[in-house]
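Read through the structure below, which is laid out as structure tokens, and then see the notes.
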Amino acid sequence: MAGTGAGYDLSVTTFSPDGRVFQVEYAGKAVENSGTTLAICCKDGVVFAAEKFLLSKMLVPGTAKRIFPVHRRAGMSIAGMVADARQIVSRARSEATQYQNAYCEEVPPELLAERLGLFMHAYTLYWSVRPFGCAVLLGCVDEESKKPDLFCIEPNGMVYKYTATAEGKGKQAAKTEIEKVLANNPELTCEQALVHVAKIIHKVHDEKDKDFELEISWISPASNYQAGTGSEHEVTS
Amino acid sequence: MAPGQYSMDAKQHTMSPVVTGATVIGMKYKDGVILAADTLASYGNEARYKDVCRLKKIGEYTLLGAGGEISDFQYLSNLLDELADEDWLHEDGCSMGPKEYSSYIGRVMYNRRSKFNPLYNQFVVVGKKQDQAPHLMYVDHQGTAFEEDFVATGFGMHLGIPLLRNNWRPDMSLDEAKALVTKCLEVCFYRDCKAYCKIQIGVCTGTTVEISPPTTINHFWGHGAWTERRLEETSDSTGTW
């Protein structure tokens with residue numbers, strides 16, 4: 001074991017001498033290798049977009065999704081290992097139903113995001129499990145006030161609230177692009193944002209990478225504030 | 001019994017309803033299926049809650065009408081909402097229709113009666129999914145379930161069914177159908193003390209499910225036969241019955 005840090009990356013239960021948990025950082029790397037996903041919290045709703053690499057020409061378009069509905073007015077787009085993220089999606093769905101059954105109303109976005117943060121964080125605490133190799137963008141629209149919210153939950157369990165954010169390979173470039181869009185038009189509506197997010201995904205796509213399918217989804221007046229109802233996919237090649 | 005103590009007797013379940021709804025009338029018509037109920041929830045014989053909606057939309061194509069215990073209806077409504085949400089989450093481009101939902105309700109009711117803990121309701125589940133044939137099913141607290149062209153629950157079984165038998169046709173227009181169900185509920189209102197004059201009508205056409213806002217049906221209590229004093233008269237007077 002030469003040098004500080006060596007040998008400290010085998011378990012999430014051991015800190016390195018300079019105070020890092022390497023397994024959790026490696027989980028972050030898994031996110032950075034994935035196709036870009038981004039979401040914008042607009043005036044009237046939330047728009048998601050995901051760049052999905054086509055592993056094969058024979059892959060059926062519109063399958064192997066990366067944007068999922070959580071409940072009627074909440075959706076999630078994911079970056080990183082999709083199989084890991086499906087676990088988060090299914091947890092989010094059961095949290096939402098449980099809350100609905102207990103309190104007869106939709107789960108507040110903040111609470112749902114925090115619960116998922118706790119869930120992901122729990123997987124950074126025990127040697128017997130590995131952290132989730134994914135980050136998720138959670139978008140919700142409030143049932144009554146129609147106020148939209150956007151959260152990003154990372155493999156370490158941190159929950160951030162954003163007006164817009166991106167994860168995955170092109171996250172830096174995508175964030176810069178979104179900033180420009182929002183600077184010009186802070187009162188962006190979902191309908192206007194739709195074109196921008198599509199353009200941004202195309203722009204940050206690395207030519208060296210495989211062909212991709214663009215997946216877009218929105219929770220807005222146009223989809224009657226229903227997640228999953230409004231969605232499109234486009235195959236580029 | 002003090003809290004936390006257990007009885008040595010057998011476990012007791014609710015075996016009689018408390019707050020109840022009365023008649024529901026359902027029937028098929030030419031382009032779909034129609035469902036009607038009044039808006040009263042009675043507490044015993046007391047007319048306790050006068051604007052309770054006893055019709056419920058389930059999923060995209062189905063309507064549920066409930067007679068009997070209102071709280072059990074609300075409980076089942078929650079189960080069905082959860083089921084519909086689950087179905088929607090699959091994003092598989094198909095959704096459950098009246099056949100699936102009525103069958104589900106039938107199983108829930110039979111399951112509960114088999115635990116000697118029934119949901120105290122008589123349900124009419126109707127619907128029409130796109131181009132499919134209209135569907136109408138009766139399900140009760142014992143899990144008895146059957147399909148019919150027209151059906152009534154509660155007192156409507158006695159007061160409404162004869163009218164339906166005489167006047168129902170498979171090719172009725174929507175207006176004729178509305179008039180007939182309204183007539184049934186009107187008759188119930190005159191004769192059944194747990195019926196009410198405010199009614200709602202739900203219609204499933206295959207593409208839409210609509211529940212009308214409550215409307216009041218006309219009623220007239222001034223008929224001579226009803227106002228005359230008959231008690232002192234001759235022994236052959238029969239009253240209104």
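Because the structure is predicted, anything quoted here is derived from the model rather than measured. In what follows, chains carry the letters A, B, and so on, assigned in the order in which the sequence lines appear, proteins first and then strands, with residues in each chain numbered from 1.
When the heavy atoms of residues 91-114 of chain A are compared with those of chain B, the residues falling under 4.5 Å are A:Arg93, A:Thr97, A:Asn101, listed by number. Residues of residues 148-156 of chain A having a heavy atom under 4.5 Å from any heavy atom of chain B: none.
Going from atom CZ of A:Arg72 over to atom CG of B:Asp81 covers 8.5 Å, rounded to the nearest 0.5 Å.
More than 12 heavy atoms of other shown residues, nucleotides or ligands fall within 6.0 angstrom of atom NZ in A:Lys175. Within a 6.0 Å sphere centred on NZ of B:Lys178, heavy atoms belonging to other residues, nucleotides or ligands number 12 at most. Applying the 6.0 Å contact sphere to CG of B:Asp131 captures no more than 12 heavy atoms from other residues, nucleotides or ligands. Enclosure of atom NZ in A:Lys146 by more than 12 non-hydrogen atoms of other residues, nucleotides or ligands within 6.0 angstrom is indicated. Crowding of B:Tyr110 atom OH: a count of heavy atoms from other residues, nucleotides or ligands under 6.0 Å not exceeding 12. Under a cut-off of 6.0 angstrom, the local environment of CZ in B:Phe146 is crowded, with over 12 non-hydrogen atoms contributed by other residues, nucleotides or ligands.
When all heavy atoms are compared, the tightest approach of A:Val70 to B:Leu89 is O-CD2, 3.5 Å.
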